[in-house]
Amino acid sequence: MRPDKARLAALTAAPESRVLPLWRGKPLITERDGGLTLATVPFDAALAGEGPGQTVFLGWGDGPDVREQPHDGASGPAWFARDVSGWAPDGQDEGDPTAFADATEQIYPGLHEARFVELRAAMAHLESRDAELAATAKAVLGWHATHRFCACCGHASESHEGGWQRLCPACGARHFPRTDPVVIMLITHGNSVLMGRSPHWPDKMYSLLAGFVEPGETMEAAVRREVAEEAGVHVGEVAYLASQPWPFPASLMLGCRGEALTREITLDPAELEDAQWITREELLAVRAGESDRMKPARKGSIAHFLLERWLSDTLD
């Protein structure tokens, strides 16, 4: 579907097609059945006409996966994501784009039952399909916003393939959305897990150590290097566990486990403000709200997923 310009143009003109608006990376969210769900508008809605208007084809609205290409004769609305960051929410708190998590919400005139919500705050309350769609939309639209010029010749590039490519009209170079691999690791030593906090994080927030995979590096080597650099701990055996797309701004989190060969912590203050070995019993008390030593890992994050399975001894 992505290369079919005529079909995509027809879909954008179809009254049943739906647009998921994102304002400064925040998806439009509404409440339903005690939870949250993505809110869409038709292409002719005033909100869909707000600039800059970059559009990404997401797929089809019916079926188990909205991104799945339908067979001939399949019904259901086509879904698109659109950047409406040019809208100015007059009289509303626009939030701080540099904050770790923006708690402000914005309401577009006439859409009082929907609001723009930071995805970090909403993701744990969305169904898995909605969370995946919101992550896809945020990541690809964010890529368009920061890659408007050809990396080969510097000429302004153009969106192609339903928003999944950028083509340079000057030199013909094609550019694709980037995804940065990041390792996040459950490092254990006996009955303890290694946790740390970055200097800019909210008070008492701790998580598993993480870092970008460097060019020419294996995932296992990245785990060992990052833990050694940030905490001075040497890691032996490493195994892959699970992954999670993390569009903040464009990462794929590769969840791993590793066994520490040493226990002494030597911090890199440029990376970590603190790191500690936390026992299972201490972490269970944190989860139960019986300890104010740190905040529990945020639900919906891969760190929470890995820690929960370590606590229940169901990693394998």
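Only this structure's heavy atoms are used, side chains among them; waters, hydrogens and symmetry mates stay out.
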Task: Arg174, Arg2, His175 screened by side chain to side chain donor-acceptor pair (under 3.5 Å) with Gln165, the one that passes - done: Arg174
Open item on the list: For Thr279, is there any backbone N or O sitting under 3.5 Å from a side-chain donor or acceptor partner on Glu282?
Closed with: yes
TODO: Would you indicate whether the side-chain heavy atoms of Asp102 and Lys26 approach each other to under 4.5 Å?
DONE: yes
TODO: Taking the six-membered ring of Trp143 (Phe, Tyr or Trp), confirm whether the NZ or CZ of Arg178 is under 6.0 Å from its centre and within 45° of its axis.
DONE: no
Task: Pair Thr104, Gln106: side-chain N/O donor-acceptor within cut-off below 3.5 Å - done: yes
Open item on the list: Check this for me: does any side-chain nitrogen of one of Glu158 and Arg166 sit under 4.0 Å from a carboxylate oxygen of the other?
Closed with: no
Task: Heavy-atom check, side chain of Gln276 versus side chain of Met195, under 4.5 Å - done: no
Open item on the list: Before we go on, tell me: are the rings of Trp60 and Trp79 under 6.0 Å apart, centre to centre?
Closed with: no
Open item on the list: What I want to check is whether the side chains of Gln54 and Ser159 have a donor and an acceptor closer together than 3.5 Å.
Closed with: yes
Open item on the list: Between Arg115 and Glu31, does any side-chain N to carboxylate O distance fall below 4.0 Å?
Closed with: yes
Open item on the list: If you define the side chain from C-beta out and look only at heavy atoms, does anything of Leu284 sit under 4.5 Å from Leu311?
Closed with: yes
- [ ] Check whether the ring centres of Phe57 and Trp164 lie less than 6.0 Å apart, and answer yes or no.
- [x] no
Open item on the list: Under a 3.5 Å cutoff, is there a donor and acceptor pairing between the side chains of Thr314 and Arg309?
Closed with: no
Open item on the list: Would you say that Leu126 contacts Ile29 through its side chain, given a criterion of any heavy-atom pair below 4.5 Å between the two side chains?
Closed with: yes
Task: Flag side-chain contact, heavy atom, 4.5 Å: Leu186 against Val193 - done: yes
Task: Heavy-atom side-chain contact between Phe116 and Glu105 under 4.5 Å - done: no
Task: Beyond-backbone contact of Glu127 with Thr37, side-chain heavy atoms, under 4.5 angstrom - done: no
- [ ] Quick one: list whatever passes salt bridge (charged side-chain N to carboxylate O under 4.0 Å, His left out) with Arg120, sequence neighbours left out.
- [x] none
Task: Residues Glu220 and Arg224 bridged, charged N to O under 4.0 Å - done: no
Open item on the list: Can you tell whether the side chains of Glu237 and Arg257 come within less than 4.0 Å, N to carboxylate O?
Closed with: no
